[in-house]
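Protein chains get the first letters and strands the later ones, always in sequence-line order, with residue 1 at the start of each. When reading the values below, keep in mind they use all heavy atoms of this one structure, side chains included, and skip hydrogens, waters and symmetry mates. Because the structure is a prediction, the values reported are computed rather than measured.
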There are 2 protein chains.
Amino acid sequence: MSHMVYGCVMTVDKSHVLRTAATLLTRKATTSLDEIAKVAGISRATLHRHFAGRDALIKALEELGITRFEAALDAAAIDEGDATGALRRLITHIEPEAALLAFLTTENQLFVGELHAGWDRLDERMNSLFRRGQESGEFRVDLTAAWCTEALYGLVGAAAWAVHAGRIAPRDTEKMIAELLLGGVRRSMEQ
Amino acid sequence: MSHMVYGCVMTVDKSHVLRTAATLLTRKATTSLDEIAKVAGISRATLHRHFAGRDALIKALEELGITRFEAALDAAAIDEGDATGALRRLITHIEPEAALLAFLTTENQLFVGELHAGWDRLDERMNSLFRRGQESGEFRVDLTAAWCTEALYGLVGAAAWAVHAGRIAPRDTEKMIAELLLGGVRRSMEQ
DNA sequence: CCGTGATGAGACATCAATGTCTCATATGGT
DNA sequence: ACCATATGAGACATTGATGTCTCATCACGG
């Protein structure tokens with residue numbers, strides 16, 4: 001019985017399904033599995049074959065988001081160079097996953113039970129980046145690292161929503177997030 | 001068991017019920033009316049007497065949020081004085097309504113159909129505040145007013161969540177939002 | 001003391017979402 | 001050509017939320 005070889009016959013792109021689910025669930029948290037399957041272009045039966053149920057789908061969404069976020073942190077090499085540059089690189093790598101991240105940070109339903117252990121690790125890496133910037137003198141110290149982390153999450157979500165609403169161009173999101181987070185809206189006196 | 005310490009026992013405090021609903025629905029968008037009623041301290045029958053159904057409850061939530069937001073804009077007198085001060089005052093007045101606002105900005109379900117006309121008015125007032133700051137030279141012009149508005153919404157939501165998660169103290173939210181939005185995390189050279 | 005009105009408790013039917021099943025079809029590999 | 005696997009379509013029962021109803025209770029005012 002040496003069958004069960006994975007990887008070639010799988011015509012369903014789980015990542016695509018999950019992204020579709022993230023988009024729909026962000027817009028309407030009560031979206032039915034029927035609609036998710038329909039928009040993803042698969043039947044409800046197939047959706048159910050890949051994800052046992054709604055909870056499993058949400059769980060997979062969480063897993064994917066954490067994985068992508070972690071990958072973005074790695075790709076941005078946030079521990080190298082100055083914190084400002086590291087933060088810019090991070091935003092660049094996070095932006096493509098904005099919709100997914102926005103879903104995870106707003107769907108607090110995930111945290112009613114136990115929260116995924118991966119989040120602790122991500123939060124810690126984020127916090128350490130801001131702390132590093134504070135210690136190097138790049139970042140102000142009157143804003144806690146924890147708040148800066150939460151603010152980044154919030155801004156990423158706001159940007160995703162603004163793009164969806166057509167208020168800002170997709171190509172501008174990266175700059176908008178980075179500039180606002182780093183410099184704020186106030187015109188600097190030095191300029 | 002008839003308790004409830006209101007002045008008059010025969011009238012349910014709709015505002016209290018709505019705030020409870022906002023809190024619960026923010027944490028879990030699929031919270032049942034049963035649980036909302038229970039946490040609000042009323043029976044499901046009474047909840048249904050005041051709000052015809054889930055949609056009506058959401059609608060009332062939207063109305064309340066818009067009303068409170070509009071009141072905050074008025075109370076802050078955002079058209080008077082410099083834009084920076086106006087923005088600080090606005091944040092001060094908005095902060096108590098953070099949970100409610102956070103719900104409205106994340107519950108995009110509201111916008112699948114027609115979006116409430118009140119939002120246009122609110123967005124316009126917010127945008128004009130940021131435009132005013134740009135024209136007076138206080139705010140930078142490379143960040144659009146629309147984005148600044150969305151960013152404020154996002155930061156208010158992030159702050160509400162951070163407080164709920166115990167990451168920042170309630171008394172600090174005002175400062176955290178204002179300082180980050182105005183000045184960003186980067187240490188200013190002028191200091 | 002009694003009546004009006006709001007509420008609490010619960011029964012009941014309904015509906016939508018969900019989970020599970022079967023069967024037919026399509027695809028890819030052997 | 002044959003077989004294994006994935007998929008699509010749909011039937012079916014179940015579950016939970018919801019809307020509606022009735023009745024008992026409690027508070028307040030006349």
Task: Where protein sits on nucleotides 10-23 of chain D, one letter per nucleotide: B base, S sugar-phosphate only, - none, heavy atoms under 4.0 Å - done: -B------BBB---
Answer yes or no: is there a donor N or O on one side and an acceptor on the other, between the side chain of [X] and the main chain of [Y], under 3.5 Å?
X         : Y         : value
Trp147(A) : Ile168(B) : no
Glu138(A) : Ala83(A)  : yes
Arg140(B) : Gly184(A) : yes

TODO: May I ask you to evaluate whether Ser43(A) reaches the phosphate of dG8(D), defined as a side-chain N or O under 4.0 Å from OP1 or OP2?
DONE: yes
For [X] and [N], what is the distance between atoms [atom1] and [atom2] respectively, to the nearest whole Å?
X        : N       : atom1 : atom2 : value
Leu47(A) : dA17(C) : CG    : P     : 14 Å
Leu25(A) : dA17(C) : CG    : C1'   : 14 Å
His50(A) : dA6(D)  : NE2   : P     : 8 Å
Glu35(A) : dT18(C) : CD    : C1'   : 15 Å

Task: Shortest non-hydrogen contact between Leu129(B) and Ala86(B), atoms and distance - done: CD1-CB, 3.9 Å
- [ ] With Lys59(A) as the cation and Phe51(A) as the aromatic partner, state whether NZ or CZ is under 6.0 Å from the six-membered ring centre and within 45° of the axis.
- [x] no
Open item on the list: With clusters defined by side-chain heavy atoms of hydrophobic residues (ILVMFWY) lying less than 4.5 Å apart, directly or transitively, does Val141(A) cluster with Leu87(A)?
Closed with: no
